[in-house]
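Below is one structure, written out as structure tokens; comments come after it.
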Amino acid sequence: MSESHSEKDLQREITELQGKSATAARLFDIRRIIGGLFVVYGVIVTIAGLTASDADIDKAAGVNINLWTGLGMLALGLFFLAWLKLRPVAPPPPDVVAGDEPRE
């Protein structure tokens with residue numbers, strides 16, 4: 001009876017660890033990091049473009065480069081975040097251990 005009890009405890013711990021691993025994989029998905037950074041920097045650069053003086057615009061041959069770059073960064077960041085939302089990371093099947101390959 002002691003063996004089945006310890007097997008149940010082991011199985012429960014494995015399930016908990018798999019859940020934590022899947023949560024960590026979603027949390028540290030590179031798309032979230034890249035998207036978040038591009039959105040933050042895009043907002044900053046867009047604000048710099050909206051507050052640009054005529055002298056700053058004249059330096060860039062009449063183009064408000066900060067505004068256009070900021071909007072591009074915002075679009076790219078939002079693309080990455082939308083991609084993350086629409087195609088989330090699928091957790092590995094519970095029967096498969098990393099590095100194991102099925103034997104034929």
Side-chain angles (χ1 to χ4, degrees):
M1 180 136 181
S2 174
E3 285 183 31
S4 79
H5 182 64
S6 64
E7 286 179 24
K8 287 180 184 178
D9 288 342
L10 182 61
Q11 196 67 328
R12 182 181 46 80
E13 288 179 26
I14 289 172
T15 304
E16 287 176 8
L17 286 174
Q18 286 174 341
K20 289 178 183 178
S21 175
T23 301
R26 284 190 301 272
L27 182 63
F28 294 110
D29 188 353
I30 192 73
R31 296 174 294 180
R32 180 183 310 262
I33 296 167
I34 291 173
L37 285 174
F38 267 99
V39 167
V40 169
Y41 291 140
V43 167
I44 293 168
V45 175
T46 300
I47 291 171
L50 291 173
T51 60
S53 67
D54 290 334
D56 291 335
I57 294 172
D58 289 340
K59 286 181 191 177
V63 177
N64 192 344
I65 195 71
N66 284 338
L67 179 64
W68 289 108
T69 303
L71 292 174
M73 292 173 80
L74 274 172
L76 184 63
L78 291 174
F79 166 76
F80 271 95
L81 295 176
W83 179 22
L84 175 69
K85 186 75 171 169
L86 295 173
R87 302 282 297 204
V89 175
D95 296 352
V96 177
V97 177
D100 286 351
E101 296 179 8
R103 296 184 183 177
E104 294 178 22

>> With a 4.5 Å cut-off on side-chain heavy-atom distances among I, L, V, M, F, W and Y, is there a chain of contacts connecting Leu37 to Ile30?
In response: yes
>> Assigning hydrophobic clusters by single linkage (Ile, Leu, Val, Met, Phe, Trp, Tyr; side-chain heavy-atom cutoff under 4.5 Å), is Ile33 placed with Leu76?
In response: yes
> According to a 4.5 Å side-chain heavy-atom criterion applied to Ile, Leu, Val, Met, Phe, Trp and Tyr, with indirect links allowed, do Ile47 and Leu78 form part of one hydrophobic cluster?
Replying inline: yes
> Listed by chain and number, what are the ring-ring contact (aromatic ring centres under 6.0 Å, His included) partners of Phe38, not counting sequence neighbours?
Replying inline: none
> If we only count heavy atoms from C-beta on, is the Ile57 to Val63 side-chain gap below 4.5 Å?
Replying inline: no
> What is the distance from atom CZ of Arg32 to atom CH2 of Trp83, rounded to the nearest 0.5 Å?
Replying inline: 13.5 Å
> Which distance, rounded to the nearest 0.5 Å, do you find between the CZ of Phe79 and the CG of Leu74?
Replying inline: 15.0 Å
>> Tell me which pairs pass side chain to side chain donor-acceptor pair (under 3.5 Å) where either residue lies in residues 37-53, with sequence neighbours left out.
In response: Ser53-Asp56
>> For Asp54, I'd like to know if atom CG has over 12 heavy atoms of other residues, nucleotides or ligands within 6.0 Å.
In response: no
>> Can a donor-acceptor pair be found, under 3.5 Å and without considering hydrogens, that links the side chain of Asn64 to the backbone of Gly49?
In response: yes
> Does Val43 share a hydrophobic cluster with Phe80, counting links as ILVMFWY side-chain heavy atoms below 4.5 Å and allowing steps through other members?
Replying inline: no
> Of all heavy-atom pairs between Ile65 and Ala60, which one has the smallest distance, and what is that distance?
Replying inline: CG2-CB, 4.2 Å
> Closest approach of Arg31 and Leu81, non-hydrogen atoms and distance?
Replying inline: O-CD2, 4.4 Å
>> Under 4.5 Å between side-chain heavy atoms, counting indirect links through other Ile/Leu/Val/Met/Phe/Trp/Tyr residues: same cluster for Ile44 and Ile34 or not?
In response: yes
> Could you state the interatomic distance from CE (Met73) to CG (Asn66), rounded to the nearest 0.5 Å?
Replying inline: 10.5 Å
